[in-house]
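These figures come from a predicted structure and were not determined experimentally.
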Amino acid sequence: MFRTYQQMFRRLLMFLDAIIIVASFLLAWWLKFDSGLLQHGGNEPLLYYRGPLLFGIAIFMVANGVAGLYQPMRAKSLFFELYNIAKSLVIGVVVLMATLYFAKMQEFSRDVLVLFAVSYFGLMLLERLALRMMLRAMRMRGLNQRYVLLVGWSMAAARFVEALEGQSWFGYRVIGYLEHEDDDAAYMGQTSRERYGVPKIGNVQDVARVLKQQLVDQVVIAMPRDRVAELGEVLIACEAVGVQSLILPDYFDLLPARPRFESFGDMPLIDTRYVPLDDAMNAAIKRCFDITFSAMVMILLSPLFAGLCIAVKLTSPGPVLFVQERVGKNRRVFKMYKFRTMRWDNHLSEVERDDKESLNTRDLGWTVKDDPRRTRLGAFLRKTSLDELPQFWNVFIGDMSVIGPRPERPVFVEQFRDEIPRYMIKHRVRPGITGWAQVHGWRGDTSIAERIRYDIEYIENWSFWMDIQIVWRTIKDGFVHENAY
């Protein structure tokens, strides 16, 4: 029910946004060429902009989704929504300009693009403001209200009531709840219930009577876990009067994170930890960014790559690249590349390390500050993080991502999985060259527990905008860090 109304409202917004994109293009063309306000004389025919318009519709619809414009706003302010519109505009314009460049449509008027951006932002502002005013007016007049009866009370029921209050534009009103007498103080005291403004209008045994006497559109069953056996009687009572019933599980407090409902055939499933990058669209957006960004870095910095290769070769004997096994997405082991920063006699391969039991244990550990194994060039490369540049090849071939948790060696993964709670969650996504933990200073020889906390926060709250922020902070704060050695 609620999901259906959310999808209907989302589709309405997407339809209106598509109209706004077309209207903004037409308005921009008219202002530039046909209004007489900005240019007199010749103009480019409107049909010339047919291709860019089709590109623009697809690009800006995706940008709106990436910016979160189709997510429920709940109690978010208009300013928050305008901020998301601005994010969508920046993403859309940048991608559209890149598309026009690669499509060799350099004749496209920059004035039209600027006018489109201004028109688009203004029309989107008017659209969202009008929708808010319309929904508020409908609620004030009591139109399109749906009356909900809660059967049972639990922590889940309390969160449900809070969610309805946060999304009041749905037009649902909870008329009250039914509860067993001996459940009155089981989950929450009466004072806490009164805080939600939901009155108790009877016992669970009274559900049939209440449904006949009260105007009820939907029944939400939120019975505690120890009352599930009585669920069948409530469902029969709802079916007897033809009222839609929905079950609100009372075990969300047991789940480790934000869940997501899925289905396999006819069987409902609950994903106990929702990861945004499990969605195909989000994964495709991130992968496209990784391929584009890594290719640009390797092309633009190719002279620097060549210079560093020569410098490493000339300053110490041994190979230019250091290859080491790391654990990536879904616990798959891959070979990660770095510019070699240590003397080659200390850079034994993983196979050789496993065979040499007499090696000092420090050879199997991280580098430490002023590590004597480093070369003079290696110390500089580590301090500036330039030794990480070859990992853009790992990004390009799909072993890594530009942004994500830093990968560890298999031996450390086996150690930390038992010592650090939730450590293995980081392997739900591709590892990255930089990440949310790194831009907060958790890199090098720092707390693994804190690093994992930031990694999980990134994984559970990923957005394309979050990746852009991390890239910007990495560039702005520089590559030199006191914990890089």
Sort out for me which residue in Y120, F60, F116 forms a ring pair (Phe, Tyr, Trp, His ring centres under 6.0 Å) with F25. F116
Say whether, by atom type as modelled, one donor and one acceptor occur between the side chain of K286 and the main chain of I403 under 3.5 angstrom. yes
F305 and L389: CA distance, side-chain angles, deciding distance, side chain to side chain contact (heavy atoms under 4.5 Å, CB included) verdict: CA-CA 8 Å; F305 275 83; L389 285 179; 3.7 Å; yes
When rounded to the nearest 0.5 angstrom, what distance separates CE in M466 from CD in E457? 5.5 Å
Flag the pair I221 / L231 as yes when at least one side-chain heavy-atom distance between them is below 4.5 Å, and no otherwise. yes
In terms of heavy-atom contacts, G92 and I59 come closest through O-CG2, 3.6 Å
For M424, does the CE atom have more than 12 heavy-atom neighbours from other residues, nucleotides or ligands under 6.0 Å away? yes
Does a side chain donor of either Y70 or N64 reach within less than 3.5 Å of an acceptor in the other side chain? yes
Is there a donor-acceptor pair closer than 3.5 Å between any side-chain N or O of N282 and the backbone N or O of S463? no
Considering all heavy atoms of both residues, which atom of R406 and which atom of P431 are nearest to each other, and what is their separation? C-CB, 4.5 Å
Does T474 reach the main-chain N or O of I470 with its side chain, forming a donor-acceptor pair under 3.5 Å? yes
Spacing of CZ belonging to R382 relative to OG1 belonging to T341, to within rounding of 0.5 Å: 3.5 Å
How many angstroms lie between CG in L277 and NZ in K329, if you round to the nearest 0.5 Å? 7.5 Å
Name all residues meeting the ring pair (Phe, Tyr, Trp, His ring centres under 6.0 Å) criterion together with F464; count only those two or more places apart in sequence or in a different chain, and write none if there are none. F289
Under the 3.5 angstrom rule, does the side chain of N394 hit a backbone N or O of Y337 as a donor-acceptor pair? yes
Would you confirm whether R326, through its side chain, and M336, through its main-chain N or O, come within 3.5 Å as a donor-acceptor pair? no
Work out which heavy atom in P405 is nearest to a heavy atom in I459; give both atom names and the distance. CG-CD1, 4.2 Å
I'd like to check L150 versus V161 (side-chain heavy atoms, cut-off strictly below 4.5 Å). Are they in contact? yes
Nearest heavy-atom contact between I452 and R422 is CG2-O, 4.0 Å
Regarding E450 and R453, does a basic nitrogen lie under 4.0 Å from an acidic carboxylate oxygen? yes
Rounded to the nearest 0.5 angstrom, the CD1-CZ distance for I433 and F293 is 8.5 Å
Does the pair Q469 and V439 meet the rule for a side chain to side chain contact (heavy atoms under 4.5 Å, CB included), with working shown? CA-CA 10 Å; Q469 286 181 302; V439 298; over 6 Å; no
Flag the pair F380 / L386 as yes when at least one side-chain heavy-atom distance between them is below 4.5 Å, and no otherwise. yes
Can you measure from CG (L377) to CZ (R340) and round to the nearest 0.5 angstrom? 9.5 Å
Side chains of E325 and K335, heavy atoms from C-beta outward: is any pair under 4.5 Å? yes
Does the pair V402 and V297 meet the rule for a side chain to side chain contact (heavy atoms under 4.5 Å, CB included), with working shown? CA-CA 11 Å; V402 176; V297 169; over 6 Å; no
Do T375 and T315 get their side chains close enough for a donor-acceptor pair, meaning under 3.5 Å? no
Does R430 use its side chain to pair, donor to acceptor, with the backbone of G398 at less than 3.5 Å? yes
Give the ring-plane orientation class for Y83 versus W465, where under 30° counts as parallel, over 60° as perpendicular and anything between as tilted. perpendicular
State, yes or no, whether a side-chain contact exists between F121 and M124 at a heavy-atom distance under 4.5 Å. no
Whether the Y458 and D467 side chains hold a donor-acceptor pair (N or O, under 3.5 Å, no angle test) is what I'd like checked. yes
Looking at every heavy atom in both F396 and A295, which two are closest together, and how far apart are they? CE1-CB, 4.0 Å
Output the distance between atom CE (M298) and atom OG (S294), rounded to the nearest 0.5 Å. 4.5 Å
4.5 Å side-chain heavy-atom contact, H427 and Y423: yes
Locate the shortest heavy-atom distance separating S24 from S119; write the atom from each residue and the value. OG-C, 3.7 Å
Taking the basic N atoms (NZ, or NE/NH1/NH2) and the acidic carboxylate oxygens, is any pair closer than 4.0 Å for D17 and R128? yes
Under 3.5 Å donor-acceptor, E414 side chain and V411 backbone: no
Treating K87 as the side-chain partner and L82 as the backbone partner, does any N or O pair qualify as donor plus acceptor under 3.5 Å? no
Any I448 side-chain heavy atom under 4.5 Å of F412 side chain: no
Set out, in order, the CA-CA distance, both residues' side-chain angles and the distance that settles side chain to side chain contact (heavy atoms under 4.5 Å, CB included) for L13 and L131, then state yes or no. CA-CA 9 Å; L13 282 179; L131 285 173; 3.1 Å; yes
Is the side chain of D387 donor-acceptor paired with the backbone N or O of F339 at a distance under 3.5 Å, no angle test? no
Residue pair L96 / L113, side-chain heavy-atom distance below 4.5 Å: yes
